[in-house]
Amino acid sequence: MLYDFSEFFMPGMIDTHIHAPQYAFIGTGMERPLLEWLAHTTFPTEDKFSNLEMARNVYSAIVRRTLRNGTTTACYFATIHTDASIVLADTASQYGQRAFIGKVCMDHNDSFEKYCETTEESISETKRYYKVLLQENYDRVKPIITPRFAISCSEKLLYELGKFADEQDLHIQSHISESPAEIKEVLRLFPGYKTYTEVYNNNKLLTNKTVMAHGCYLTDKELHVFRERGASISHCPNSNISLCSGHLDVRNALNHRVKVGLGTDIAGGYSISLLDAIRKAIETSKILFMEKKNHNVLSYKEAFRLATLGGSEALSIDHITGSFEVGKEFDALLINPEAKDSPFEVFSHLSKELLQRFLYLGDDRNIKAVYVAGRCVVPFLSNA
Ligand code: GUN
Ligand code: FE
């Protein structure tokens, strides 16, 4: 047998925050800031997922695209539609991707009134969704409780979702402190709470199975609460820049010993690839260095860790995946730096830098095979 000596294995990458339905408009619409973008582009598109044919098309496209780009685990938001969310769970399972999938909950939406549930609907549909996934008993696809963000949820809904997650010991995901306008609106809607973090924490939504996207404006005090609760942050640098939301100071979060993973936040972010998230995490860190001067920039090794082991810690699955350790499942990418049409050359004097050069220069053409729990899922399974 002939070996190609530039090939290597690396742990599969983990996308801790991605909106599957928003793949329908990826690469468009990012001129508006967050709240306007939601009202103008996002909600009208997500509303169309009551149509299961649309769900099947977009969801098989995103699962295939993420897998091909080396995302072995994805933590997805679906839409408010239970049946379409089940389509996403079926699709991820069929293609062999490890995934958390959330039926989105929202009982308040002034900006696009059509795309909204009643409080009772949101709670009962979440319970139905959970029951169906329990019955399906997928190997590696799990439900995750998903209040969209505080602006789109009543206090009662947040309370009931926190209670349900607590009773059933479920994972939880949402958004927090993404943009200044969002935070202002949250504090207006929840006058009884002192901080955005308190809104979630006082409703049992901050646990060691919680991942909150963004957190750009969390104060040190709020980071301390995250640390106490064991809750994590999904850092989504592409989205933060694309929607002009802000920057997360990852170094500060890590100094507070808060768990951090990376997210693409499709389609607030325009790239499906965690390689892009790695690069933008490093660039964001360098921008903060240039602004603050006292910033200790993220190395490529640290950013690589965020995309792999950090992601598994953020999702509390680091006992299962995230690194090559005896006892964990084999979630891996086979990288070929010399693939046909590779976007970079292999120079012998840089032969020890292949991982770094793949992270900065590579793309899916270099990902020769993808394994989840030891099973080869790319090239795609013949029955998928
Ligand atoms: N906050 C509430 N919903 C969303 C969403 O779909 N994307 C992003 N980036 N932020 C949100
Ligand atoms: Fe998001």
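Every number for a ligand or one of its atoms is a count from 1 in the order of the listing. Keep in mind that the numbers below use all heavy atoms, side chains included, and drop hydrogens, waters and symmetry copies. Along the sequence shown, residues are numbered consecutively beginning with 1.
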Heavy-atom nearest neighbour of atom 7 (N) of ligand 1 within options Trp37, Phe149, Phe43: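 Result: the heavy atom closest to atom 7 (N) of ligand 1 is in Trp37.
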
Short N or O distance, Glu178 and ligand 1, threshold 3.5 Å exclusive: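 In this structure, Glu178 places an N or O atom under 3.5 Å from an N or O of ligand 1.
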
What protein atoms of element N, O or S are positioned under 2.8 Å from the Fe ion (ligand 2)?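 You should have found His17 NE2, His19 NE2, His175 NE2, Asp265 OD1.
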
For Phe112, is the CZ atom crowded, meaning more than 12 foreign heavy atoms sit under 6.0 Å from it?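 More than 12 heavy atoms, drawn from other residues, nucleotides or ligands, come within 6.0 Å of this atom.
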
CZ of Arg365: more than 12 outside heavy atoms within 6.0 angstrom?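 Yes, CZ of Arg365 has more than 12 neighbouring heavy atoms, counting only those of other groups under 6.0 Å.
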
For residues Arg128 and Lys103, determine if any side-chain heavy atom of one lies less than 4.5 Å from a side-chain heavy atom of the other.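 No - every pair of side-chain heavy atoms lies 4.5 Å or more apart.
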
Looking at Lys156 and Asp107, is any side-chain nitrogen of the basic one under 4.0 Å from a carboxylate oxygen of the acidic one?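 Salt bridge between Asp107 and Lys156, a charged N being under 4.0 Å from a carboxylate O: no.
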
For Met13, run the side chain to side chain contact (heavy atoms under 4.5 Å, CB included) check against Thr72, Leu333, Val370 and tell me which one passes.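 Only one of Thr72, Leu333, Val370 forms a side chain to side chain contact (heavy atoms under 4.5 Å, CB included) with Met13, namely Leu333.
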
Atom of Gly102, atom of Ser85 and distance for their closest heavy-atom approach: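 The answer is O-OG, 4.5 Å.
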
Is it true that the NZ or CZ of Arg64 lies under 6.0 Å from the centre of Phe380's six-membered ring and within 45 degrees of the ring axis?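 Yes, Arg64 lies over the aromatic ring of Phe380.
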
Considering only the protein, which heavy-atom contact is closest to atom 9 (N) of ligand 1, and what is its distance?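 Result: Asp265 OD2, 2.6 Å.
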
Among all the protein's non-hydrogen atoms, which is closest to atom 3 (N) of ligand 1, and how far away is it?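 Of every protein heavy atom, Arg148 NE, 2.8 Å lies nearest to atom 3 (N) of ligand 1.
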
Tell me which part of Ile151 gets within contact of ligand 1: side chain, backbone, both or neither, using heavy atoms under 4.0 Å.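 For Ile151, no heavy atom sits under 4.0 Å from ligand 1.
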
Hey, does Glu182 sit under 4.0 Å from ligand 1 if you only count heavy atoms?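 Checking ligand 1 against Glu182, which is what was asked, there is no heavy-atom contact under 4.0 Å.
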
So, using side chain to side chain contact (heavy atoms under 4.5 Å, CB included) as the criterion, who are the partners of Thr73 when residues are at least two apart?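 Per chain and number, Thr73 pairs via side chain to side chain contact (heavy atoms under 4.5 Å, CB included) with Ile14, Arg98, Leu315, Ile317, Thr321, Asp331.
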
